[in-house]
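Side chains are part of it too, since the values below use all heavy atoms of this structure and drop only hydrogens, waters and symmetry mates. Heads up: numbering here begins at 1 and tracks the sequence. Quick caveat, the model's predicted, so the values are computed rather than measured.
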Amino acid sequence: MLILECPCCGVMADETELAPGGEAHLRRHGPGSSDEDFEGYLFLRPNARGVHFERWRHAHGCGKWFLAARDTATMEVFATYSAQTAEPPQHVIDAIRAKRPDWSLVP
């Protein structure tokens, strides 16, 4: 079972209390972008096995959005952090590298 700590209220919540919101830290393409950019944003994103940054909502708790760094293969959660960040904070990167020394933010 997936258990994440909501950084907004501090509650350890299992997946039945949470709502997934997809991949975090995406460069979004919308009106005014080229067809190729929009297609890439919607359909051609990599779904690699390993560390992912995801959006989650504490739906049956405080109701706020937050972000999580998680390994999709092992379900290991490295950290959760505020949704108001444009990129993963250094403490999150450090937590991942502590357990995966060969990991790189850039694929």
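- Side-chain contact between Pro20 and Glu54 is absent, with no heavy-atom pair separated by less than 4.5 Å.
- Here the CZ atom belonging to Arg70 is positioned 12.0 Å from the CD1 atom belonging to Ile96, to the nearest 0.5 angstrom.
- Annotation for Glu5 and Gly10: closest pair OE2-O, 3.8 Å, computed over non-hydrogen atoms.
- With rounding to the nearest 0.5 angstrom, the SG atom of Cys62 is 8.5 Å from the CZ atom of Arg57.
- Cluster annotation: Phe53 is not connected to Trp65 through the hydrophobic network of ILVMFWY side chains, with a link wherever side-chain heavy atoms come within less than 4.5 Å.
- Judged as a ring pair (Phe, Tyr, Trp, His ring centres under 6.0 Å), and not counting sequence neighbours, Phe78 has no contacts.
- Shown here for Ala86 and His25, the closest heavy-atom pair between the two residues is O-ND1, 3.1 Å.
- For the pair Arg49 and Ala73, the tightest heavy-atom approach, listed with the atom from each and the gap, is NE-CB, 3.2 Å.
- Salt-bridge annotation for Arg100 and Asp71: present, with a side-chain N of the basic residue lying under 4.0 Å from a carboxylate O of the acidic one.
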*Between Glu39 and Asp35, does a side chain to side chain contact (heavy atoms under 4.5 Å, CB included) hold up when you go through it step by step?*
CA-CA 6 Å; Glu39 176 189 30; Asp35 288 344; over 6 Å; no
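- Ring geometry, His29 versus Tyr41: the interplanar angle exceeds 60°, so the pair is classed perpendicular (tilted spans 30 to 60°).
- Atom NE2 of residue His58 and atom SG of residue Cys8 lie 9.5 Å apart, to the nearest 0.5 angstrom.
- In this structure, Glu23 CD and Arg45 CZ are separated by 5.5 Å, a value rounded to the nearest 0.5 Å.
- The other residues sharing a hydrophobic cluster with Met75 are Leu2, Leu4, Leu18, Trp56, Phe66, Val77, where clustering joins ILVMFWY side chains under 4.5 Å apart.
- Residues Ser82 and Leu67 approach most closely at O-CD1, 3.7 Å, considering heavy atoms.
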